[in-house]
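Just so we're on the same page: letters track the sequence lines, and every chain starts at 1.
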There are 2 protein chains.
Amino acid sequence: MAGESDRTEKMTAALRSAGIRVTRQRVALLGVLADADDHPDAVELHERAKGVEPTVSLATVYRTLSVLEQEGVVHRHAFDGGGARFETTHEEHHDHILDVDTGEVIEFQSDKIEQLQEEIARELGYEVVHHRLELYCRKKS
Amino acid sequence: MAGESDRTEKMTAALRSAGIRVTRQRVALLGVLADADDHPDAVELHERAKGVEPTVSLATVYRTLSVLEQEGVVHRHAFDGGGARFETTHEEHHDHILDVDTGEVIEFQSDKIEQLQEEIARELGYEVVHHRLELYCRKKS
DNA sequence: TTGGGTGCAAATCATTTGCAATTAT
DNA sequence: ATAATTGCAAATGATTTGCACCCAA
């Protein structure tokens, strides 16, 4: 029973190495992010973080998320409708399926699509800096 | 030299068939949309429409764009950063390359990618309602 | 004539920021 | 000690909406 998760440690380390102070409220958010297996938005993260450290403000949630994004520890997604949603960065790159009925997010990964994207860009004289592929889907009946 | 473009007529017809009044300000916006070969945002469209009909307000631009979107005559895109950008619906479906340096938008189309998307969704028990594929690119040096 | 459409200004919503007080280092 | 960080409230930016007047059908 270790106290902190692997991910939390990694994120704390990221803060330290960037010379950024490890505050109570940041640790709370870090823990919440590490535990989340969904893709919560800022308000939801704020809600969860307050359960750990009641003094966290929404402003600090936003500020910390920006820092963590710059440090590459979290990814910000701007899915259709509503505000941005976040997830901790994990090893393998992936894209998303969004259930249009439930809002649920499923991750998937396709080398083939990835390759095709680069091929298309190359043919037009471009190189892909980053991309965004979202499949808005409905469960098959 | 016909007075109105094909597209403007089509859009005017769309309004009429939806039982929606064809007003001065809507005609102005329709013309501007038909002429646009880029992907302007609401403010830019408002600017251009004012050149044709100075009484158009930004509120009406937004309201009309929503109507046209519902009628399927224009498409709304939420690219990274800034507000929504619009284009008149054209025959073939396509995705977008965005030049990260200039903001320019290039359209492309790939049946292969399209197929792969549906395949992936199907394997996970979903069917694709709509999707979004954007390649943020830089010109190759 | 008359209900839909318009401009304007105020209201939303998500996010950011200024500032004085707090706190990690 | 002291500069980074915080909470709060006010500011932003994009978009929407309430309302009294206006005009397309």
Taking any heavy-atom pair under 4.0 Å as a contact, classify [X]: base, sugar-phosphate, or nothing.
X       : value
B/Val56 : sugar-phosphate
B/Arg63 : base
A/Val43 : nothing

> Checking salt bridge (Lys or Arg N to Asp or Glu O under 4.0 Å) for the pair B/Arg122/B/Glu118: CA distance, chi angles, key distance, verdict?
Replying inline: CA-CA 6 Å; B/Arg122 193 182 326 123; B/Glu118 284 178 13; 5.3 Å; no
> Is any NZ, NE, NH1 or NH2 atom of the basic residue among B/Arg76 and B/Glu69 found under 4.0 Å from an Asp or Glu carboxylate oxygen of the other?
Replying inline: yes
> With distance as the sole criterion, is a donor-acceptor pair present between the side chains of A/Glu107 and A/His93 under 3.5 Å?
Replying inline: no
> Which sits closer to the 5' end of DNA chain D, B/Asp41 or A/Arg21, going by the nucleotide each is nearest to?
Replying inline: A/Arg21
Just how far, in rounded Å, is [atom2] of [N] from [atom1] of [X]?
X       : N      : atom1 : atom2 : answer
B/Phe86 : D/dA14 : CZ    : C1'   : 11 Å
B/Arg26 : D/dC22 : CZ    : C1'   : 14 Å
A/Leu29 : D/dT6  : CG    : P     : 10 Å
A/Gln25 : D/dC8  : CD    : P     : 11 Å

>> Could you tell me the boundaries of the chain B footprint on DNA chain C, defined by atoms under 4.0 Å from its heavy atoms?
In response: C/dG3 to C/dC8
>> Tell me if the centroids of the rings in A/His90 and A/His75 come within less than 6.0 Å of each other.
In response: no
>> Using ring centroids (six-membered ring only for Trp), state whether B/Phe86 and B/His39 fall under 6.0 Å.
In response: no
> Hey, what's the ring geometry for B/Tyr136 with A/His130, parallel, tilted or perpendicular (30° and 60° as the breaks)?
Replying inline: parallel
>> Check the phosphate of D/dT15 against B/Tyr62, side-chain N and O only, distance under 4.0 Å to OP1 or OP2. Yes or no?
In response: yes
